[in-house]
Structures are given as C-alpha cells and as structure tokens.
Asker: 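Encoded as structure tokens, here's the structure I'll be asking about.
What you see is a predicted model, and the numbers here were worked out from it, not measured in a lab.
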Amino acid sequence: MQHYGAAAYQTTAKTVESPREREAALLIKAAASIQSVRDNWLEDAEALKTALTFNRKLWTIFMTSVTREDNALSAPIRQNIANLGIYILNETREILLDPVSPARLDPLININRQLAAGLRGN
C-alpha cells in the first residue's frame, strides 16, 4: 500500500515542479549514481556503465536544448553549457574505455552538483 502512495506523490511532484527544479533533480540523481559507483569502485562494472550512460543521455538532452534557436538563455550561457557537455561526453567516453581510477569520476560529480545548486539558487 505504501508503494502506491509513494508513486502518487512522485507523479504529483513531477507535475508541479518547474523545469529548473526538474533539471536540478536529474543532475543530482546522476551525480548520486556516479558517486555510488565511485564509493564502490570496481565492485560492479555494469553500475559504472549504467551511471555514465544516464549522465551522458542527460547531458545530450541539455546540449540539444541549448543549441536550439528558440532557447531563451543568453548566448554565453548556452555556449558554456554546450562546452561543459562536450567535456562531459569526452570524459565519459575516456572513462568507459579505461576506468583507471575512481578519482576520474570527481569532475563529473562536481559539475552536476554545482549546476544543480545553481539551478536551485544555492
């Protein structure tokens, strides 16, 4: 029974939160997933792939959004987000090809957390 209540709450929360709040929540979710992999380094190789794939998809969406003609953000902000996205996609590829050290995940975690804080006004 509790499961139905939680599912209803999540559905309601998604409909009342702003796009900025939703973006922040997704960035925090991605950062938490990558942090979990970092904390449990090499215990589950599939978890690394799953976490980085989710983050890559999220950033692909952000990059697609900021490159659209109708995006309301200023050109410098759009360019900064696109540049971060390119960095994240390249770094993700490199980590997946050669997962040398958990410390390589730190920039991805930090960028997501910092951007989420900015979106939330913190």
Asker: Please give me the minimum heavy-atom distance between Pro99 and Trp41, naming the atom from each residue.
Answerer: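 Pro99 and Trp41 have their closest heavy atoms at O-CZ2, 3.2 Å.
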Asker: Can you tell me how far OG of Ser33 sits from CG of Leu52, rounded to the nearest 0.5 angstrom?
Answerer: 8.0 Å
Asker: Using a strict 4.0 Å threshold on nitrogen-to-oxygen distance, state whether Arg104 and Glu91 make a salt bridge.
Answerer: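 The answer is yes: the pair qualifies as a salt bridge.
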Asker: Are any non-hydrogen side-chain atoms of Asp106 and Arg38 less than 4.5 angstrom apart?
Answerer: yes
Asker: Can you tell if the side chain of Glu23 reaches within under 4.5 Å of the side chain of Leu26, non-hydrogen atoms only?
Answerer: no
Asker: Would you kindly confirm whether Leu48 and Leu42 end up in one hydrophobic cluster when ILVMFWY residues are joined by side chain heavy atoms under 4.5 Å apart?
Answerer: yes
Asker: Excluding sequence neighbours, so at least two apart, what forms salt bridge (Lys or Arg N to Asp or Glu O under 4.0 Å) with Arg20?
Answerer: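 Per chain and number, Arg20 pairs via salt bridge (Lys or Arg N to Asp or Glu O under 4.0 Å) with no residue.
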Asker: How long is the span from the CD atom in Gln35 to the CG atom in Asn110, to the nearest 0.5 Å?
Answerer: 8.5 Å
Asker: Indicate yes or no for a side-chain donor-acceptor contact from Asn71 to the backbone of Thr67 under 3.5 Å, with no hydrogens or angles considered.
Answerer: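 No, because the side chain of Asn71 does not come within donor-acceptor range (under 3.5 Å) of the backbone of Thr67.
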Asker: Using a 4.5 Å cut-off on heavy atoms from C-beta on, say whether the side chain of Ile95 contacts that of Leu108.
Answerer: yes
Asker: Could you pull out all residues at least two apart from Glu94 that satisfy side-chain hydrogen bond (donor to acceptor under 3.5 Å, both in side chains)?
Answerer: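 So Glu94 forms no side-chain hydrogen bond (donor to acceptor under 3.5 Å, both in side chains) with any residue.
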Asker: Hey, is the main chain of Glu46 close enough, under 3.5 Å, to the side chain of Thr50 for a donor-acceptor pair?
Answerer: yes
Asker: Applying side-chain hydrogen bond (donor to acceptor under 3.5 Å, both in side chains), can you list everything that pairs with Asn55, at least two apart in sequence or on another chain?
Answerer: Asn112
Asker: Is the backbone of Ile111 close enough, under 3.5 Å, to the side chain of Gln114 for a donor and an acceptor to pair up by distance?
Answerer: no
Asker: Could you pull out the closest heavy-atom pair between Leu115 and Trp59, with the gap in Å?
Answerer: CD2-CH2, 3.6 Å
Asker: Can you get from Leu73 to Phe62 by hopping between Ile, Leu, Val, Met, Phe, Trp and Tyr side chains that sit under 4.5 Å apart?
Answerer: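 Yes, one cluster joins them.
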Asker: Would you give me the side-chain donor-acceptor pairs under 3.5 Å for residues 77-89, sequence neighbours excluded?
Answerer:
residue : atom : partner : partner atom : Å
Arg78   : NE   : Val66   : O            : 2.7
Arg78   : NH2  : Val66   : O            : 3.3
Arg78   : NH2  : Arg68   : O            : 3.3
Gln79   : NE2  : Asn83   : OD1          : 2.9
Asn80   : ND2  : Pro76   : O            : 3.4
Asn83   : ND2  : Gln79   : O            : 3.4

Asker: Are the side chains of Phe54 and Ile34 in touch, meaning some heavy atoms are under 4.5 Å apart?
Answerer: no
Asker: Which residues pass the side-chain hydrogen bond (donor to acceptor under 3.5 Å, both in side chains) test with Arg93, sequence neighbours left out?
Answerer: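 For Arg93, the residues satisfying side-chain hydrogen bond (donor to acceptor under 3.5 Å, both in side chains) (neighbours in sequence not counted) are Asn90.
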Asker: Contact between Arg22 and Pro19 at the side-chain level, heavy atoms closer than 4.5 Å - yes or no?
Answerer: no
Asker: Tell me whether Ile28 shares a hydrophobic cluster with Leu58, the cluster being built from Ile, Leu, Val, Met, Phe, Trp, Tyr side chains joined at under 4.5 Å.
Answerer: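 Shared cluster, no.
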Asker: First locate atom CG of Leu96, then atom OG1 of Thr92, and finally report the distance between them rounded to the nearest 0.5 Å.
Answerer: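 Output value for this atom pair is 6.5 Å.
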Asker: Residues two or more places apart in sequence or in another chain: which of them pass salt bridge (Lys or Arg N to Asp or Glu O under 4.0 Å) with Asp44?
Answerer: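 Listed in chain order: nothing, the list is empty.
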